[in-house]
Amino acid sequence: MTTSESAEPAEAVDESLADERIRTTCCVVGGGPAGAVLSLLLARKGVDVVLLEAHADFERDFRGDTLHPSVMELMGDLGLADRLLELRHSKLRSAAFVTPSGPLTVADFGRLDTPFPYITMLPQSDFLAFVTREAARLPSFRLLMDARVEELITEAGVVRGVRFEKDGRTHEVRAALTVGTDGRGSRVRHLAGLEPVKTSPPIDVLWFRLPRKPEEPAGVLGRFGRGHALVMLDRQDDWQVGFVILKGTYKELRASGIGALRESLVETAPELADRVGLLKEWKQVSMLSVESSRLKEWFLPGLLLIGDAAHVMSPVGGVGINYAIQDAVVAANVLTRPLLGGGVRVEHLREVQRRREWPTRVIQFIQSQVQQAIARNALSGGGGRFQPPPLLRLLLRLPVLRDIPARVIAFGVRRVRVEP
């Protein structure tokens with residue numbers, strides 16, 4: 001199966017909308033990792049699910065493509081890991097950084113006690129198509145692409161579903177529970193009037209691709225030096241490069257011209273000198289405004305938010321997808337029985353948040369410490385000499401503790417599995 005074939009969701013799509021009103025048990029809004037996995041898990045248990053995706057396909061550039069061991073264990077639990085790994089992918093077994101003080105290995109995943117001691121690099125579009133195709137084998141699942149939610153249906157203070165636009169017509173889904181999984185710019189969150197508590201991370205990231213030579217090291221590589229920082233993710237034929245900048249400096253950098261970016265790249269990673277010329281214009285570069293936020297409450301009666309819709313994660317550690325999927329697993333564990341019994345109550349929704357809020361707060365704190373260290377030492381007054389946060393330095397120094405960073409990146413601070 002080729003990558004392009006695997007990214008097609010056609011087998012999973014139900015395009016027939018003869019009836020403008022759909023009734024289901026659970027309406028999931030947003031076909032990202034959280035929404036796709038939650039829909040699959042619920043449908044496997046016989047819960048009727050309608051998944052609405054606002055776009056016509058799953059193709060997006062520079063979405064997170066990392067499936068950590070926690071996700072691969074979930075795929076293993078479902079009997080899908082071997083088939084997933086038949087798709088074209090690469091495996092990252094370590095995360096290392098080159099600093100002016102020498103190389104620094106932050107995480108060695110090969111030491112972890114798991115059948116999947118690596119991060120699987122797989123295009124997110126392929127992963128989403130794979131999961132929704134698996135769900136489409138089940139009679140209780142329905143996927144509608146190019147379906148943009150316009151309104152929440154609320155009756156007597158309880159969310160009863162959504163109205164959405166598709167093919168120029170307005171339709172509605174009536175559901176016992178609506179779950180918003182539509183990402184950091186969540187429309188469901190906006191329609192519900194829920195405002196997240198935001199922090200202001202000091203960095204942003206420029207993403208682009210450059211060719212990778214077969215003889216170059218595999219895995220995740222990072223470099224700090226000369227007031228710059230970058231991370232390089234092995235995408236087999238390409239490096240997916242994240243160039244870290246201080247927040248608020250993008251306009252100044254862009255005004256300096258694409259040549260200034262190329263020069264900064266070569267200063268930080270001299271081995272890229274023979275290919276930076278392929279960056280010819282700014283439209284080849286995507287700017288990610290780094291954000292970190294969290295809702296105080298992830299729910300209203302009849303409505304639950306998970307993944308980035310509930311807590312936007314920084315790209316540090318690449319854990320956002322995995323935390324979103326862990327949210328989906330916990331939501332399925334908690335809500336399957338009430339959904340089958342027709343009695344989802346607010347306390348069930350509160351229980352999902354209770355189980356997931358603490359791990360989210362911990363990882364966001366860790367990400368904040370790393371971001372501050374990068375901004376303080378690598379990008380501004382530190383002269384490019386990046387120093388890890390004190391806790392990370394301690395963990396890396398002591399043999400008995402040095403696997404903790406790898407475990408946190410791989411599984412989060414609380415391991416999550418599918419409950420029978």
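The model shown is predicted, which means the values in this text are computed figures rather than measured ones.
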Problem set entry | Sequence-distant partners of Arg187, salt bridge (Lys or Arg N to Asp or Glu O under 4.0 Å), two or more places apart | Glu150
Seminar exercise, completed: Gln124 and Asp65 have their tightest heavy-atom pair at N-OD1, 3.0 Å
Exercise. With no hydrogens and no angle check, is any side-chain donor or acceptor of Ser314 less than 3.5 Å from a backbone partner on Val316?
Worked result: yes
For this session: Please name the pair of heavy atoms, one in Ser186 and one in Arg189, separated by the smallest distance, quoted to 0.1 Å.
Result: OG-N, 2.9 Å
Exercise. Should Glu351 and Arg337 count as an ion pair when the cut-off is N to O under 4.0 Å?
Worked result: no
Exercise. Does Asp204 have any side chain to side chain donor-acceptor pair (under 3.5 Å) partners at least two apart in sequence or in another chain, and if so, which?
Worked result: Lys247
Exercise. Does any non-hydrogen side-chain atom of Val416 lie less than 4.5 Å from one of Tyr323?
Worked result: no
Problem set entry | ring pair (Phe, Tyr, Trp, His ring centres under 6.0 Å) partners for His68, two or more places apart | none
For this session: Report the residues that fulfil side chain to side chain donor-acceptor pair (under 3.5 Å) with Arg254, sequence neighbours left out, ordered by chain and then residue number.
Result: Tyr250
Problem set entry | Set of residues satisfying side-chain contact (heavy atoms from CB on, under 4.5 Å) with respect to Glu195, sequence neighbours excluded | none
For this session: Only counting residues at least two apart or in another chain, list the ones meeting side chain to side chain donor-acceptor pair (under 3.5 Å) with Glu216.
Result: Trp239, Arg275
Exercise. Looking only at atom types and distance, does a side-chain atom of Arg414 sit under 3.5 Å from a main-chain N or O of Arg355, one as donor and one as acceptor?
Worked result: yes
For this session: State, to 0.1 Å, how close Leu67 and Ile321 come at their nearest heavy-atom pair, and which atoms those are.
Result: CD2-CG2, 4.5 Å
Problem set entry | Ion pair check, Glu271 and Lys213, cut-off under 4.0 Å | no
Problem set entry | Partner residues of Asp48 under the side chain to side chain donor-acceptor pair (under 3.5 Å) criterion, sequence neighbours left out | none
Exercise. Just how far is it from atom CZ of Arg93 to atom CZ of Arg111, taken to the nearest 0.5 Å?
Worked result: 15.0 Å
Exercise. Between Arg262 (side chain) and Leu279 (backbone), is there a donor-acceptor pair under 3.5 Å?
Worked result: yes
Problem set entry | Minimal non-hydrogen separation, Ala34 against Ala328, with atom names | O-CB, 3.5 Å
Exercise. OG/Ser125 to NE2/His55 distance, rounded to the nearest 0.5 angstrom?
Worked result: 13.0 Å
For this session: For Ala36 and Leu51, work out which heavy atoms get closest and say how close.
Result: CA-CD2, 4.3 Å
For this session: Tell me, please, which residues at least two apart from Leu92 pass side-chain contact (heavy atoms from CB on, under 4.5 Å).
Result: Ile119, Met121, Val220, Asp234
For this session: Can you measure from CZ (Arg345) to CG (Leu349) and round to the nearest 0.5 angstrom?
Result: 10.5 Å
For this session: List the steps, then state whether side chain to side chain contact (heavy atoms under 4.5 Å, CB included) holds for Val173 with Thr178.
Result: CA-CA 9 Å; Val173 179; Thr178 301; over 6 Å; no
For this session: Tell me, with the steps shown, if His311 and Asp327 meet side chain to side chain donor-acceptor pair (under 3.5 Å).
Result: CA-CA 10 Å; His311 49 78; Asp327 286 358; 2.5 Å; yes
Exercise. Residues in ring pair (Phe, Tyr, Trp, His ring centres under 6.0 Å) with Tyr118, at least two apart?
Worked result: none
Seminar exercise, completed: Note: Thr268 and Arg223 closest approach over all heavy atoms is O-CD, 3.1 Å
Problem set entry | Gln284 side-chain N/O to Leu278 backbone N/O, donor-acceptor pair under 3.5 Å | yes
Exercise. Are Thr199 and Gln364 close enough that some pair of their side-chain heavy atoms sits under 4.5 Å apart?
Worked result: no
Exercise. Do Leu84 and Leu122 have side-chain heavy atoms sitting under 4.5 Å apart?
Worked result: yes
Exercise. So Met72 and Leu85, side chain to side chain contact (heavy atoms under 4.5 Å, CB included) or not? Walk me through it.
Worked result: CA-CA 9 Å; Met72 294 308 302; Leu85 292 174; 3.8 Å; yes
For this session: Sequence neighbours left out, what pairs pass salt bridge (charged side-chain N to carboxylate O under 4.0 Å, His left out) with at least one residue falling in residues 24-36?
Result: none
Exercise. Are any of the side-chain heavy atoms of Val205 and Val231 separated by less than 4.5 Å?
Worked result: no
Problem set entry | side chain to side chain contact (heavy atoms under 4.5 Å, CB included) between Val29 and Cys27, intermediate numbers included | CA-CA 6 Å; Val29 181; Cys27 175; 4.1 Å; yes
Exercise. Looking at CG of Leu305 and OG1 of Thr181, how far apart are the two atoms once the value is rounded to the nearest 0.5 Å?
Worked result: 9.0 Å
For this session: May I ask you to decide if Phe411's main-chain N or O and Gln326's side chain share a donor-acceptor pair within less than 3.5 Å?
Result: yes
Seminar exercise, completed: Those residues at least two apart in sequence (or on a different chain) that pass side-chain contact (heavy atoms from CB on, under 4.5 Å) with Ala43 are Leu138, Ser140, Phe141
Problem set entry | Under-4.0 Å salt bridge between Arg350 and Glu347 | no
For this session: Decide side chain to side chain contact (heavy atoms under 4.5 Å, CB included) for Thr114 and Phe109; before the verdict, give the C-alpha distance in whole Å, the side-chain angles of both, and the deciding distance to 0.1 Å.
Result: CA-CA 9 Å; Thr114 174; Phe109 304 112; over 6 Å; no
Problem set entry | Spacing of Leu233 atom CG and Arg212 atom CZ [to the nearest 0.5 Å] | 11.5 Å
For this session: Please examine the side chains of Leu40 and Leu80, heavy atoms only from C-beta on, and report whether any two atoms are closer than 4.5 Å.
Result: yes
Exercise. When rounded to the nearest 0.5 angstrom, what is the spacing between CG in Leu52 and OG in Ser39?
Worked result: 9.0 Å
For this session: Step by step, work out the salt bridge (charged side-chain N to carboxylate O under 4.0 Å, His left out) result for Glu172 and Arg160.
Result: CA-CA 10 Å; Glu172 67 179 44; Arg160 301 295 188 186; over 6 Å; no
Exercise. Is any side-chain heavy atom of Val71 closer than 4.5 Å to a side-chain heavy atom of Val37?
Worked result: no
Exercise. Hey, does Ile22 have a side-chain heavy atom less than 4.5 Å from the side chain of Arg142?
Worked result: yes
Problem set entry | Set of side-chain contact (heavy atoms from CB on, under 4.5 Å) partners for Asp238, sequence neighbours left out | Arg209, Arg235
Problem set entry | Donor-acceptor under 3.5 Å (Thr132 side chain, Ala129 main chain) | yes
Exercise. Got Met313 and Asp308 here, is their nearest side-chain heavy-atom distance under 4.5 Å?
Worked result: yes
